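Please read the structure below before turning to the comments.
The model shown is predicted, which means the values in this text are computed figures rather than measured ones. Read the numbers this way: they start at 1 and go in the same order the structure lists the ligands and their atoms.
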Amino acid sequence: MDRQRLQGKVAIVTGGGRGMGRAHALLLARQGASVVVNDLGGEPVGRGADVTVAQQVADEIRAAGGKAVANTDSVALMEGAQRLINTAVETFGRLDILINNAGIFRIDEIEHMSEEDWDQVIAVHLKGCFATIKYAVPIFKRQRAGVIVNIASDSGLGHPMNSNYAAAKEGIVALTRSLARELGRFGIRCNAVRPRAQTGMAAAFNERARKWIPLMDALGKFAIGFEMSDRFGPDYKPERVSALVVWLCTDAAANINGRTLYAGGDEVGLYSEPELKRTMARPGGWDLDSLDANRVRLAGDLTNDFLLKDSIGDKEL
Ligand SMILES: NC(=O)c1ccc[n+]([C@@H]2O[C@H](COP(=O)([O-])OP(=O)(O)OC[C@H]3O[C@@H](n4cnc5c(N)ncnc54)[C@H](O)[C@@H]3O)[C@@H](O)[C@H]2O)c1
């Protein structure tokens, strides 16, 4: 039975014109929320723009009897983020939910990654979250309520050839943890989701990453994080992720704050939070000799930890 869990609420979905963002926007609207569908409409690698991308989803929601407006600003620009937040307030009179989902990728080995590839990826993901949240929080504080869901990635756990993206996404997790602690007392919740779905971005990533597949297969466990989404399977639909993302915005999730969750295919889940694994104290502190002597006690057997010397070495594949 489809209850209208978000009746009267106003939501923004960044990157809401395609892929998972589109699915989030449609489900929010079906649950009674008025939706600002933001999308710059560029390519998955973040070049170009197309104003029809956000508009089509807003039209789709309105055609189904929902309330929606399109916004085509880039979240990577402070003034774009400000206009986006203003659009919600000017059109619908308030703002309750912010889903930071917009994303791009630029993959390459680190020595070939240009400054622009680095800056653009950080700008859309990490700065984009900062910018929208900065302008949404004064509204949330006045209402003493608000929900933020930031879309992270399991790439953040370590993703060869995608280090700019991984760094941006793990930055988003740190931002989420920090803001949950900073804003919780105002009734503002902030959680992250690491999703998996077959989307335009996933297809474009696979296309560009194909040349590294033999290397990644040879690296085996060392390539964890280098997941080709076309190996996920047909159940990895954007809608499967939307259920968890939108559920986090409902009152049923009122006590969930500062968490990182997972959604993909048939599964949802909760990530553990990093913690200090072990400590050793030495009166007067440690020096190089004492660290030498206690290497195994501190770090276990590190001989093979991503060093690959006795697997494939530094052979070119
Ligand atoms: N597809 C996956 O398996 C996967 C896995 C982990 C994380 N993610 C993340 O999930 C989110 C959605 O990804 P998707 O796979 O649905 O991708 P997608 O390419 O289908 O959708 C992303 C949308 O963001 C928009 N966008 C890009 N830059 C923007 C900007 N500066 N301002 C506004 N809009 C902008 C794009 O135009 C696009 O429509 C992204 O943050 C992505 O990094 C995806």
**OP:** Look at atom 4 (C) of ligand 1 and find which of Gln120, Met20, Met201, Glu43 reaches it with the closest heavy atom.
**Re:** Met20
Subject >> Sub-4.0 Å atoms of ligand 1 with respect to non-hydrogen atoms of Asn38 >> reply: 33 (C), 34 (N)
Original post:
Stepwise, does the side-chain contact (heavy atoms from CB on, under 4.5 Å) test hold for Arg259 with Glu273?
Top reply: CA-CA 8 Å; Arg259 295 291 172 179; Glu273 297 295 321; 4.2 Å; yes
Original post:
Heavy atoms only: which of Thr72, Asn101, Ile99 is nearest to atom 41 (O) of ligand 1?
Top reply: Asn101
**OP:** Report, in ascending order of atom number, the atoms of ligand 1 lying under 4.0 Å from any heavy atom of Gly42.
**Re:** 37 (O)
Subject >> Sub-4.0 Å heavy-atom approach of Pro44 to ligand 1 >> reply: no
Subject >> Salt-bridge contact Glu90-Arg83 (side-chain N to carboxylate O under 4.0 Å) >> reply: no
Original post:
Is the shortest heavy-atom distance from the side chain of Thr176 to the side chain of Thr260 under 4.5 Å?
Top reply: no
Original post:
Mind checking whether Arg196 has an N or O less than 3.5 Å away from an N or O of ligand 1?
Top reply: no
**OP:** Check each atom of ligand 1 against the heavy atoms of His125 and keep those under 4.0 Å away; list them by number with element.
**Re:** 41 (O), 43 (O)
**OP:** Please examine the side chains of Thr87 and Asn38, heavy atoms only from C-beta on, and report whether any two atoms are closer than 4.5 Å.
**Re:** no
Original post:
Can you find an N/O atom of Val75 closer than 3.5 Å to an N/O atom of ligand 1?
Top reply: yes
**OP:** Report, in ascending order of atom number, the atoms of ligand 1 lying under 4.0 Å from any heavy atom of Gly41.
**Re:** 37 (O)
Original post:
If hydrogens are left out, which of Ala76, Ala202, Ala197 has an atom nearest to atom 3 (O) of ligand 1, that is, the closest non-hydrogen atom?
Top reply: Ala197
Subject >> Heavy-atom proximity to atom 37 (O) of ligand 1, best of Asp39, Val45, Asn100, Thr199 >> reply: Asp39
Original post:
Out of Asp119, Asn164, Asp117, which one pairs with Arg106 under the side chain to side chain donor-acceptor pair (under 3.5 Å) rule?
Top reply: Asp117
Original post:
Relative to the heavy atoms of Ala152, which atoms of ligand 1 are at a distance of less than 4.0 Å?
Top reply: 7 (C)
**OP:** Using a strict 4.0 Å cut-off to heavy atoms of Val124, name the atoms of ligand 1 that fall inside it.
**Re:** 28 (N), 31 (N)
Original post:
Can you find an N or O of Ile104 that's nearer than 3.5 Å to an N or O of ligand 1?
Top reply: no
Original post:
Quick one: are Ile12 and Thr132 in side-chain contact, heavy atoms under 4.5 Å?
Top reply: no
Subject >> Contacting atoms of ligand 1, where contact means under 4.0 angstrom from a heavy atom of Ile151 >> reply: 9 (C), 10 (O), 11 (C)
Original post:
Which heavy atom in Tyr135 sits nearest to a heavy atom in Met78, and how many Å separate them?
Top reply: CE1-O, 3.4 Å
Original post:
Backbone or side chain, does any N or O of Asp154 fall under 3.5 Å from an N or O of ligand 1?
Top reply: no
Original post:
Are Ala204 and ligand 1 in contact, using a heavy-atom cut-off of under 4.0 Å?
Top reply: no
Original post:
Given Leu183 and Lys141, is the side-chain contact (heavy atoms from CB on, under 4.5 Å) satisfied, shown in steps?
Top reply: CA-CA 8 Å; Leu183 301 172; Lys141 279 191 175 178; 3.9 Å; yes
Subject >> Any residue meeting side chain to side chain contact (heavy atoms under 4.5 Å, CB included) with Met201, in chain and number order, not counting sequence neighbours >> reply: Phe105, Tyr165, Thr199
Original post:
Considering residues, nucleotides and ligands other than Glu275, do more than 12 of their heavy atoms fall under 6.0 Å from its CD?
Top reply: no
**OP:** Using a strict 4.0 Å cut-off to heavy atoms of Gly19, name the atoms of ligand 1 that fall inside it.
**Re:** 16 (O), 20 (O)
**OP:** Look at the side-chain heavy atoms of Ile, Leu, Val, Met, Phe, Trp and Tyr, link any pair under 4.5 Å apart, and say whether Val121 and Leu77 land in one connected group.
**Re:** no
Original post:
Looking only at heavy atoms, is any part of Tyr165 under 4.0 Å from ligand 1, and if so is it the side chain, the backbone, or both, or is it neither?
Top reply: side chain
Original post:
So, do Ser290 and Asp287 sit near enough that their side-chain heavy atoms are less than 4.5 Å apart?
Top reply: yes
**OP:** Answer with yes or no whether Lys169 contacts ligand 1, where contact means a heavy atom under 4.0 Å from a ligand atom.
**Re:** yes
Original post:
Among Ser153, Pro238, Pro195, whose heavy atom sits nearest atom 5 (C) of ligand 1?
Top reply: Pro195
Subject >> Test item: Thr72 and Gln55 side chains (from C-beta on) under 4.5 Å apart, heavy atoms >> reply: no
